[in-house]
Structures are given as C-alpha cells and as structure tokens.
A.B. asks: 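Please read through the structure below; I'll follow up with questions.
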Number of protein chains: 2
Amino acid sequence: MTDKLTGAAGREYVANTIRQALRSGDLVPGQRLVELDLAESYGATRGAVREALQDLAAEDIVEIVPRRGARIRAVSVEEAVQITECRSALEQLCARKAATRADEEQRAELRLIGVDMRQAVADGAWDTYSALNQRLHELVIEASGQEVARRQLERLNGPMVRFQFRLALRPGRPAQSLPQHLAIIDAVAGGDPDAAARAAAAHLDDVIEQLKSSAAQTAAP
Amino acid sequence: MTDKLTGAAGREYVANTIRQALRSGDLVPGQRLVELDLAESYGATRGAVREALQDLAAEDIVEIVPRRGARIRAVSVEEAVQITECRSALEQLCARKAATRADEEQRAELRLIGVDMRQAVADGAWDTYSALNQRLHELVIEASGQEVARRQLERLNGPMVRFQFRLALRPGRPAQSLPQHLAIIDAVAGGDPDAAARAAAAHLDDVIEQLKSSAAQTAAP
DNA sequence: ATCAACGAGATTGTTGACAAGATGTTCCGA
DNA sequence: TCGGAACATCTTGTCAACAATCTCGTTGAT
C-alpha cells in the first residue's frame, strides 16, 4: 500500500483527477464533492483535497458554499456565450500577434494541421479532427507569445468542457467548422494580422451561434 | 482586545488589507510575507493568513514558492504590456456591447462623467480625475452586462496597481488621456458600437505606448 | 581571503482530534 | 395524515502542536 498523497503533490493530483473526471463525464454539474470521500478514493489526505477544491473554485470549476461543501458548478448557456465572447476577444488578439510573430517552424506546423484536418473530415475521423482542432488553438496562442492571454484562455476553458462536448457531437459540425479553421491557418501562416483576427472572430461568432441554437434545442419539449 | 479573526472572515480581511497595502505603497514587489508576522499584525490566525495568501496567489498578486513562503510578485514591463493588451481586447468587447445595451440612466451618467472630467483637468484636480477615470471604466463594463469579462478584468488589474501609479504621475498625462476618454463616452452614450470599440482600443494602445516609454525611461542611467 | 561544512533559529508544512454547523430521521400531537 | 420538535448523523471548519525544511551567520581549513 502506497502512502497517502499529501501537500503540493496530492493537491495537484486531486485537482487534475477531478478535471479529468469532469471531461470524461464521470462528474456532472451539481454533484457534491465530499472531502472525505475524495480523500479515500484518491488516496490523499483531507488537507490535500481541501486545497485542491480551493484551486478548482478559483478556476470556477467548482462552487464552494461555506459549511455546505463543494459541488461541480453548472454553467448556464448565457454564461457559456459570455465565456465564448471573451475567448473571441482574446483569441483575436493572439491570432493577430501570431500572424506577425510566428516563426517558420510554427507556420509549417500550422499548414500541416490544415492538411491533416481536411483529411480527417474526409475520413470521418472525428477524434483526430478534435485533437487537431485543439492543437491548432494551442499553436496560435503559443506563436503569439502572449503568455497572459494564454493563462486567461486556459481559465476560461475550464468550466466549458461540458458544452464543448455537446457541440462537437452535432452532426455536420466538423464540415461546418473546417473552412473557418482553414481561414485562420491561411491568415496566420500567410502573415496577415487583420485577416487572422477576422478569421478567429468569425469562427468564434459561429460557435456562439451554435451555443445559442443548442439552448433553443434544449429548451424545446 | 477583540478575538482573532478566523476562517472566511479573516481570510477576506487579510487579503483585502494586503491589496490595500500594495496600492498605498506599504508593500513593494519582492517583499516577503511571513505568515506569523501577518497573523500578529492583522490579528488573524495563521490559518486565515495562509488561505488569504493562496487567494492572492490565484490572483497573481503574490508568488508562493514551496517551503520558502510568499512574496509580492514583481511585474515586468513586458508583462504589463501583455496585461494591457488583454485588457484592451476585453474592454473593446465591453465597450461594443455597452454601446448597444446601456440604459438611459447609464448613458446619462457617462455624459456627466465626461463633463466632470473636463472640469477636473481644467482645475488640475488629479485625484478627482483619477476617480472619474476608474468610475468610467467600471460603468462601461457594468453597462455591457458582460459578467465574465468583468471578472477577468478585475483579475488583470490586481498585479498592475504599481504601474498605474507610476503612469498617472507623469506630467501632462491627464490632458493627453482626456480626449480619449471623451471619445469612449461619446461613442458608448451615442450608441455606436464600432466607434466605441475603436475608442477603447485607441485609449489602451496609448497606455501601452506609455508603458513602453516608461520602460525606456527606467532603463536610462 | 575564499570556501565548505555546520548548526541554531526562523518559517512553512502536516496531522489528528475536536468544535460547530447542516442534513436527515423519528416520533409525537393535532 | 400532516407538521414540526427533538435527536442522530454526516460533513466541514478550526486549532495547536509537531515535523520538515530553509536561511544565515560562524567556524575552521586551505
């Protein structure tokens, strides 16, 4: 039997495990997170769990109400729209800077992602497409050199996993987003800052539309 | 003698007091924050202080290195520029939305702030001008209804207080920023979203210029 | 004079037990 | 049957002491 995880190590481990569980759907919004339960199932001390929950609360992933414990925070559609608007503002900034600052290696990887994305959509390889999508956004942010924006965007994504999940499942979604992603790639790799910002904005405006229509769909009886 | 502040109450009190001390210059970047010292001088328990420091670390105001304690984080000019770029992106979003969503009361207060600002600059009332400036930014964000952006902007401002301080002191600064502020007011109150975003961007681009030139000034021998 | 090893004191990290609040259950009276 | 008072249980919050680690000044050898 291994020792209990404690302090910094356990804190990070517990937080990561909960984030993971949220992505995989093992934890659903509203679910209670009892300190002792988590401590036992993850083999950590209660102290480590408490600290991990504080971290997750700072990321707006869980909600802690005094004397009543922590639960996974539910994100309303309205809030998801606002989060995506902020993402749009920050990703426009990153795309614009990336267009001028990216080095040749980064531009080459961007173009390669474009090629692979076309292929993935043609093949119906949704998992591959999703991974490429994520790498594309990462790479644009990385190439921009905007560390502050990178941290902000990471934070914004935390509570959104559930929505991204629902959206990616919609039929025909990859075919719709592919040209938008290609436009971002062309503009950034081609070194056109204004076009890059416009392409990023167009893409995220479309995500917002999807979110809103998913709200209407959910509300229907 | 009152009881020691404990838990949630003490935590918030200590965090606020440190934020305040930073604004007023009582704490300088790099300064160590020893838990027991803070506990005694603020009349709180060490536990409350620890939690407050965690909160401040989540806001990037202090830096905690394991086993070595917390210190006020220093913000480089480069990072200040990046922070301001993010502020620019988010405030453009808010200004744009505020231009269409502000109600009549809010537009009236905006116009009033414009009048008062002119007067403050004419009178050389720098404190008044600074307060109006802060209220202007608050009001635009409030009128936008963008709660997520509001929280992000709050976070971004935390580590910046020192720089704002240095900037506001530069001679002729209010006269320079006044027309920019008036342009924001006109566009938002007048209901022109694109002009509002442009005005906000122009204002923050100018702040970035000031930051960069202040770097050059500091570097000079 | 420089440097490494050492140790005392200072400071943070961790633990386990207890206090206190919230939640759920039972049981009594109307 | 319903309402609610009293009780039992679950869960989080707090504390004080202890353990682990770091800092810094001292000493002694080269």
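A, B, ... follow the sequence lines: proteins, then strands. Residue 1 opens every chain.
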A.B. asks: Can you see which heavy atom on B:Cys94 is nearest to which on B:Ala149, and at what distance?
C.D. replies: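 Heavy atoms of B:Cys94 and B:Ala149 come nearest at SG-CB, 3.7 Å.
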A.B. asks: Just distance, no hydrogens or angles: give the donor-acceptor pairs under 3.5 Å from side chains in residues 61-72 of chain B, sequence neighbours left out.
C.D. replies:
residue	atom	partner	partner atom	Å
B:Arg71	NH1	B:Gly30	O	3.2

A.B. asks: What N/O pairs connect the protein and nucleotides 6-10 of chain D at under 3.5 Å? Give each pair on its own line.
C.D. replies:
none

A.B. asks: List in numerical order all residues of residues 11-18 of chain B for which some heavy atom is under 4.0 Å away from an atom belonging to DNA chain C.
C.D. replies: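 Within residues 11-18 of chain B, no residue comes under 4.0 Å of DNA chain C.
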A.B. asks: Does this structure show an ion pair linking A:Arg151 with B:Asp60, if we count only N-O contacts that are shorter than 4.0 Å?
C.D. replies: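 A salt bridge is present here (some side-chain N lies under 4.0 Å from a carboxylate O).
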A.B. asks: Can A:Glu79 and A:Arg73 be counted as an ion pair, charged N to O under 4.0 angstrom?
C.D. replies: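 Yes, charged N to carboxylate O under 4.0 Å.
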A.B. asks: Report the residues that fulfil salt bridge (Lys or Arg N to Asp or Glu O under 4.0 Å) with A:Glu40, sequence neighbours left out, ordered by chain and then residue number.
C.D. replies: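 Result, salt bridge (Lys or Arg N to Asp or Glu O under 4.0 Å) vs A:Glu40: none returned.
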A.B. asks: Using the test side-chain contact (heavy atoms from CB on, under 4.5 Å), find all partners of B:Ala120 that sit at least two apart in sequence or belong to another chain.
C.D. replies: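 In terms of side-chain contact (heavy atoms from CB on, under 4.5 Å), with neighbours along the sequence ignored, B:Ala120 is linked to B:Ala125, B:Thr128, B:Tyr129, B:Leu132.
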A.B. asks: What is the distance, to the nearest angstrom, from the CZ atom on A:Arg71 to the C1' atom on D:dT11?
C.D. replies: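 Roughly 13 Å, once rounded to whole Å.
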A.B. asks: What pairs with B:Arg173 under salt bridge (Lys or Arg N to Asp or Glu O under 4.0 Å), at least two apart in sequence or on another chain?
C.D. replies: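 Per chain and number, B:Arg173 pairs via salt bridge (Lys or Arg N to Asp or Glu O under 4.0 Å) with B:Asp206.
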A.B. asks: Using a cut-off of strictly less than 4.0 Å between a heavy atom of the residue and any atom of DNA chain D, enumerate the qualifying residues of residues 35-59 of chain A by number.
C.D. replies: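 A:Glu35, A:Arg46, A:Arg50 - these, ordered by number, are the residues of the stretch whose heavy atoms sit under 4.0 Å from the strand.
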A.B. asks: Less than 4.0 angstrom from a charged side-chain N to a carboxylate O is my criterion; do A:Glu35 and A:Arg46 meet it?
C.D. replies: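 So A:Glu35 pairs with A:Arg46 through a salt bridge.
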A.B. asks: Checking B:Arg150 now: which residues fulfil salt bridge (Lys or Arg N to Asp or Glu O under 4.0 Å) with it, not counting sequence neighbours?
C.D. replies: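 Residues passing salt bridge (Lys or Arg N to Asp or Glu O under 4.0 Å) with B:Arg150: B:Glu147, B:Glu154.
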A.B. asks: Look at B:Arg135 together with B:Glu142 and state whether they make a salt bridge at an N to O cut-off of under 4.0 Å.
C.D. replies: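 So B:Arg135 pairs with B:Glu142 through a salt bridge.
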A.B. asks: Provide a list of protein-nucleic acid N or O atom pairs under 3.5 angstrom, restricted to nucleotides 5-8 of chain C.
C.D. replies:
none

A.B. asks: Can you name the side-chain contact (heavy atoms from CB on, under 4.5 Å) partners of B:Val28, sequence neighbours left out?
C.D. replies: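 For B:Val28 the side-chain contact (heavy atoms from CB on, under 4.5 Å) partners, ignoring immediate neighbours, are B:Gln31.
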A.B. asks: Among residues at least two apart in sequence or on other chains, which ones pass salt bridge (Lys or Arg N to Asp or Glu O under 4.0 Å) with B:Asp55?
C.D. replies: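 B:Asp55: salt bridge (Lys or Arg N to Asp or Glu O under 4.0 Å) contacts with B:Arg11.
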A.B. asks: According to a strict under-4.0 Å criterion, is A:Thr6 in side-chain N/O contact with OP1 or OP2 of C:dG13?
C.D. replies: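 No, because none of the side-chain N or O atoms of A:Thr6 sits under 4.0 Å from OP1 or OP2 of C:dG13.
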A.B. asks: Provide a list of protein-nucleic acid N or O atom pairs under 3.5 angstrom, restricted to nucleotides 21-25 of chain D.
C.D. replies:
residue	atom	partner	partner atom	Å
D:dT23	OP1	B:Arg68	NE	3.1
D:dT23	OP1	B:Arg68	NH1	3.3

